2 protein chains.
Amino acid sequence: MNNQVKIRESIDPKHLALQKTLDIICGKWRLYIIYQLDTQARRYGELRRMIPEVSEKVLIQELKDLVSLGVIEKKSYNEVPPRVEYSLTAKGLQVLPTLLSLTSIGELFLEP
Amino acid sequence: MNNQVKIRESIDPKHLALQKTLDIICGKWRLYIIYQLDTQARRYGELRRMIPEVSEKVLIQELKDLVSLGVIEKKSYNEVPPRVEYSLTAKGLQVLPTLLSLTSIGELFLEP
DNA sequence: CAGCATCCTTTAAGATACTG
DNA sequence: CAGTATCTTAAAGGATGCTG
């Protein structure tokens, strides 16, 4: 797993949980990807087009990480040409409001 | 500023705010430092002892970043030996509950 | 279409020695 | 005591060409 932002080799469960949270949100495109998936499943190509600035490798990597974290899930349809869809998991949906609420922090600090 | 986790050269104000939020929380010791300051001001040396795993340079750097972000403030007393205290700003205090609520996300994803 | 492999650049993070 | 300066390492992020 990349994008590890360790808080501490923590014994304290609070810090462990925080660590996990940071794992989830602290990747350059993590939140952005999550937001593209909030309402509906998206194909890989769609996501590429929605976030053209991110390179292929990094997008795949971030998607993989989010899948292994359990935030999103991947569904491959055995068709030709191949079709793959990504969507939020139940847990992912569950934390979406909290993630969205993070904007309020930024808004407060953006003011002069 | 280091620890930039850019979401996008964003026109969307939502993403700008999120970017700012990530600036604040996505540093290895950021949240940890903030938590040490939640109740009271702390001297530099105290913080060092409270988080012995972090190097001098990184701690100073993180403190500086948090100051320039407006999350914490630094107060230097003109004494010998020098005394410097760090504490949360009003804004910092204001967002503390939200930051603490981030643990809930981690807790959810830590379960098997 | 979706995604892997490889190589390269940039940035965060850490260790250590020195200073007002 | 509270920093700075310098060097090194580790990791994230990115570009590009190839494949099932």
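Chain identifiers are assigned alphabetically (A, B, ...) following the order of the sequence lines, protein sequences preceding nucleic acid strands; residue numbering begins at 1 within each chain. Predicted model only: the values in this text are computed from it and were never measured.
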Check the pair A:Q19, A:D23 against side-chain hydrogen bond (donor to acceptor under 3.5 Å, both in side chains), reporting the backbone distance first and the verdict last.
CA-CA 6 Å; A:Q19 163 70 51; A:D23 282 355; 2.8 Å; yes
Please determine if a side-chain N or O atom of A:R43 lies less than 4.0 Å away from the OP1 or OP2 oxygen of C:dA2.
yes
So, OP1 or OP2 of C:dA12: does either fall under 4.0 Å of a side-chain N or O from B:W29?
no
Rounded to whole Å, how long is the line connecting atom [atom1] of [X] with atom [atom2] of [N]?
X: A:D23; N: D:dA12; atom1: CG; atom2: P; result: 10 Å
X: B:L59; N: D:dC1; atom1: CG; atom2: P; result: 15 Å
X: B:M50; N: D:dA2; atom1: CE; atom2: C1'; result: 17 Å
X: A:K28; N: D:dA11; atom1: NZ; atom2: P; result: 19 Å
X: A:E53; N: D:dA15; atom1: CD; atom2: P; result: 11 Å
X: A:R48; N: C:dC4; atom1: CZ; atom2: P; result: 14 Å
X: A:R30; N: D:dA12; atom1: CZ; atom2: P; result: 9 Å
X: B:D65; N: C:dT11; atom1: CG; atom2: P; result: 15 Å

Which residue is it: A:L69, A:I25, A:V71? I am looking for the one with a side chain to side chain contact (heavy atoms under 4.5 Å, CB included) to A:R30.
A:L69
Short side-chain to backbone donor-acceptor contact, [X] and [Y], under 3.5 Å:
X: B:Q94; Y: B:K91; value: no
X: A:T103; Y: B:A17; value: no
X: A:R48; Y: A:L59; value: no

Row check, A:Y86 ring normal vs A:K75 NZ/CZ: under 6.0 Å, within 45°
no
Might you list the N or O atoms of the protein lying below 3.5 Å from N or O atoms in nucleotides 3-7 of chain D, with each pair's distance?
from  : atom 1 : to    : atom 2 : distance (Å)
D:dG3 : OP1    : B:K74 : NZ     : 2.7
D:dG3 : OP2    : B:Y86 : OH     : 2.8
D:dG3 : N7     : B:E56 : OE2    : 2.8
D:dG3 : O6     : B:E56 : OE2    : 2.6
D:dT4 : OP1    : B:K64 : NZ     : 3.4
D:dT4 : O4     : B:E56 : OE2    : 3.4

